[in-house]
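Below: the structure, in structure tokens.
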Amino acid sequence: MLLSPAVMAEKMLGFYRDHGRKDLPWQQNTTPYRVWLSEIMLQQTQVKTVIPYYLKFTQHFPDITSLANADLDDVLNLWQGLGYYARARNLYKCAQIIRAEFNGEFPGDIEQLETLPGIGRSTAGAILSFSMNQSAPILDGNVKRILARVFMVEGWTGAGKTLNQLWQISEQYTPEENTAEFNQAMMDLGASLCSRSKPQCEICPLNKHCQAFIHNLVEDFPNKKPAKKLPVKEQTFLLITQNDQIYLQKQPPAGIWGGLWSLPGAEGSSPKQNIITRFKHSFTHFHLYLTIAMDEQKYLVSDKALSQWHNLSDLERIALPTPIRKFLFKHFQLEN
DNA sequence: TAGTCGTGGGT
DNA sequence: TACCCAAGACT
């Protein structure tokens, strides 16, 4: 059956009423700040992972002013372990822009929101619809998956052409009224029945209108990303200690683990004699083999300007990359 | 357009 | 084990 926007909205709002999530932390005491923070944390990150970070973060920084007045290191410390640290740096930058240029209040139109660092079209749409009672489309992974199936949109959803088609459909089907409930329903449906694997099409409210289901091709949509073999990288890290102190190196703002403290990297080939351990850590776009080597000297440290001593007892209050933190806490038998 | 940017969970 | 990818944005 042809699916009109009105029928789509009716189905989705019914699903929201019966099965939608209404108890998430950012759905309580809704403000633009709280919605914005949740949306940034939720980028490429599952709800279950975000919740404890969100609760901790809002406790420390209940509003945008307290965040704008903080130190970046405190923000990164609360973010450590969540990944994609550019999000935290942009979050901080955004808070300061809103304080300086928007009188401490989030702008209420899509164009201005999208100029802010870390806020793209989908995040802007979520802020407008969830916290400002405006009609604006979103296009996160859940919505992409639903639309790609219902309308059998060909192509990997990351490709520009496919993305444009999906945005156009999302615009067309996002209702003027009850947009918050509709958008939430789309994400809830995508996170439950319309899951990536083993979707429960038999009980889906859209199944009579879903082209992929009708053609028995649900497993083929959305089309998979073209597979590429990930490069493998090698890096030696130096464990340099003196009494109860450890030598750490601040990562430059851009690049992997930007702004975090890490073990200093060795220059040249790795020392063979005093290797402590070696393990693998995988990222989205490469595999990293980490070698941790003991070194009483500091001769091999690559960038001494950004390095300094820290007390071992302060490690839990320092933002560290997850694999480095895991190694250090195990090595020194610290409580996490 | 294609890479970059983390970590954890599912299969 | 290896691969995919999740409430994306930026370069």
Side-chain angles (χ1 to χ4, degrees), chain A residues 20-21 24-27 34-54 76 79-91 93-94 113-127 129-130 137-146 155-164 166-167 170 180 183-192 194-198 219 222-233 251-260 262 280-288 319-326:
Chain A
R21 287 175 287 190
L24 296 167
W26 42 90
Q27 295 176 318
R34 288 171 58 79
V35 169
W36 165 65
L37 175 62
S38 75
E39 290 300 326
I40 303 299
M41 285 188 167
L42 286 160
Q43 287 169 5
Q44 299 298 99
T45 311
Q46 296 185 351
V47 170
K48 187 179 165 187
T49 304
V50 165
I51 288 176
Y53 282 92
Y54 183 83
L76 284 171
W79 204 275
Q80 72 164 311
L82 195 55
Y84 284 136
Y85 299 96
R87 293 185 297 176
R89 300 193 298 272
N90 283 334
L91 191 83
K93 208 182 299 176
C94 183
L113 277 176
E114 282 189 70
T115 65
L116 295 167
I119 300 181
R121 186 175 178 186
S122 190
T123 298
I127 294 171
S129 61
F130 290 137
I138 59 171
L139 192 63
D140 72 327
N142 293 305
V143 178
K144 284 178 188 171
R145 188 166 52 254
I146 294 170
W156 170 50
T157 59
K161 185 182 169 189
T162 311
L163 213 46
N164 284 336
L166 290 169
W167 267 118
S170 184
N183 283 347
Q184 186 62 47
M186 291 293 282
M187 293 195 286
D188 291 339
L189 184 67
S192 56
C194 197
S195 51
R196 182 163 59 93
S197 60
K198 298 180 184 173
E219 297 286 356
N223 294 166
K224 282 180 184 166
K225 176 184 179 179
K228 271 178 195 164
K229 225 180 157 190
L230 298 182
V232 178
K233 298 184 183 180
Q251 301 305 114
I256 196 89
W257 298 330
L260 276 64
S262 181
K280 186 171 92 162
H281 182 80
S282 292
F283 299 87
T284 310
H285 51 305
F286 65 94
H287 301 290
L288 177 65
L320 301 162
T322 290
I324 300 295
R325 188 179 73 244
K326 282 182 178 168

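So that the names make sense, note that chain A is the first sequence line, chain B the second, and so on, each numbered from 1.
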Quick one: NE2 on A:His287 to NE2 on A:His281, what's the gap to the nearest 0.5 Å?
11.5 Å
Short heteroatom pairs, N/O only, protein and nucleotides 7-9 of chain B, under 3.5 Å:
unit_1 : atom_1 : unit_2   : atom_2 : d
B:dT7  : OP1    : A:Tyr85  : OH     : 2.9
B:dT7  : OP1    : A:Thr322 : N      : 2.9
B:dT7  : OP1    : A:Thr322 : OG1    : 3.1
B:dT7  : OP2    : A:Trp257 : NE1    : 3.2
B:dT7  : OP2    : A:His281 : NE2    : 3.1
B:dT7  : O4     : A:Thr284 : OG1    : 3.3
B:dG8  : OP2    : A:Lys326 : NZ     : 3.3

Side chain of A:Gln184 - closest among B:dG6, C:dA7, C:dG8
C:dA7
Please tell me which of A:Lys280 and A:Gln43 maps to the more 5' nucleotide of DNA chain C, matching each residue to the nucleotide holding its nearest heavy atom.
A:Lys280
Describe, in one word, how the ring planes of A:Trp26 and A:Tyr54 are oriented to each other, choosing from parallel (under 30°), tilted (30 to 60°) and perpendicular (over 60°).
perpendicular
C:dC10 to B:dT1 separation - C1' atoms, rounded to the nearest Å:
13 Å
When rounded to the nearest Å, what value does the distance between P atoms of B:dG3 and C:dC4 take?
15 Å
Round to the nearest Å and state the distance from A:Leu230 atom CG to B:dT4 atom P.
10 Å
A:Lys161 atom NZ is separated from B:dA2 atom P, nearest whole Å, by 13 Å
N/O donor-acceptor pair under 3.5 Å between A:Arg121 side chain and A:Pro137 backbone
no
Compute the centroid of each ring, for A:Phe283 and then for A:Trp257, and state whether the two points are separated by less than 6.0 Å.
yes
Atom pair distance, as rounded to whole Å: CD in A:Gln27 and P in C:dA7
14 Å
Rounded P spacing from B:dT11 to C:dA7 in Å:
14 Å
Would you please confirm or rule out a distance under 4.0 Å between OP1 or OP2 of B:dG3 and any side-chain N or O of A:Lys228?
yes
Tell me whether the OP1 or OP2 atom of B:dT4 has a side-chain N or O from A:His285 closer than 4.0 Å.
no
Whether A:Glu39 side chain and A:Ala126 backbone form a donor-acceptor pair below 3.5 Å:
no
State, without any angle test, whether A:Arg145 and A:Ser195 hold a side-chain donor-acceptor pair at a distance under 3.5 Å.
no
Take the protein atom CG of A:Leu42 and the nucleotide atom P of B:dG6, then report the distance between them rounded to whole Å.
17 Å
Is there a donor and acceptor pair closer than 3.5 Å between the side chain of A:Arg145 and the base of C:dA6?
no
Sugar-phosphate, base or nothing in reach of A:Gly158, heavy atoms under 4.0 Å
nothing
Using whole Å, report how far CD1 of A:Ile119 lies from C1' of C:dA7.
14 Å
Over how many whole Å does the gap from A:Leu113 atom CG to C:dC10 atom P extend?
12 Å
Classify A:Ala227 by what it touches in the nucleic acid, base, sugar-phosphate, or nothing, heavy-atom distance under 4.0 Å.
sugar-phosphate
Roughly how many Å is it from NZ in A:Lys144 to C1' in C:dA7, rounded to a whole number?
11 Å
P atom, C:dA9 versus B:dG8: distance in rounded Å?
23 Å
Using a heavy-atom cut-off of 4.0 Å across all strands, would you classify A:Trp26 as base, sugar-phosphate, or nothing?
base
Side chains of A:Asn183 and A:Ser129: do they bring a donor and an acceptor to under 3.5 Å?
yes
With respect to the side chain of A:Arg87, which nucleotide from C:dA7, B:dG6, C:dC5 is positioned closest?
B:dG6
Indicate yes or no: at least one non-hydrogen side-chain atom of A:Ile51 is less than 4.5 angstrom from one of A:Leu24.
yes
Can you measure A:Leu166 atom CG to C:dA7 atom C1' for me and round it to whole angstrom units?
16 Å
Judged by nearest nucleotide, the residue sitting upstream toward the 5' end of DNA chain C, A:Arg21 or A:Leu116, is A:Arg21
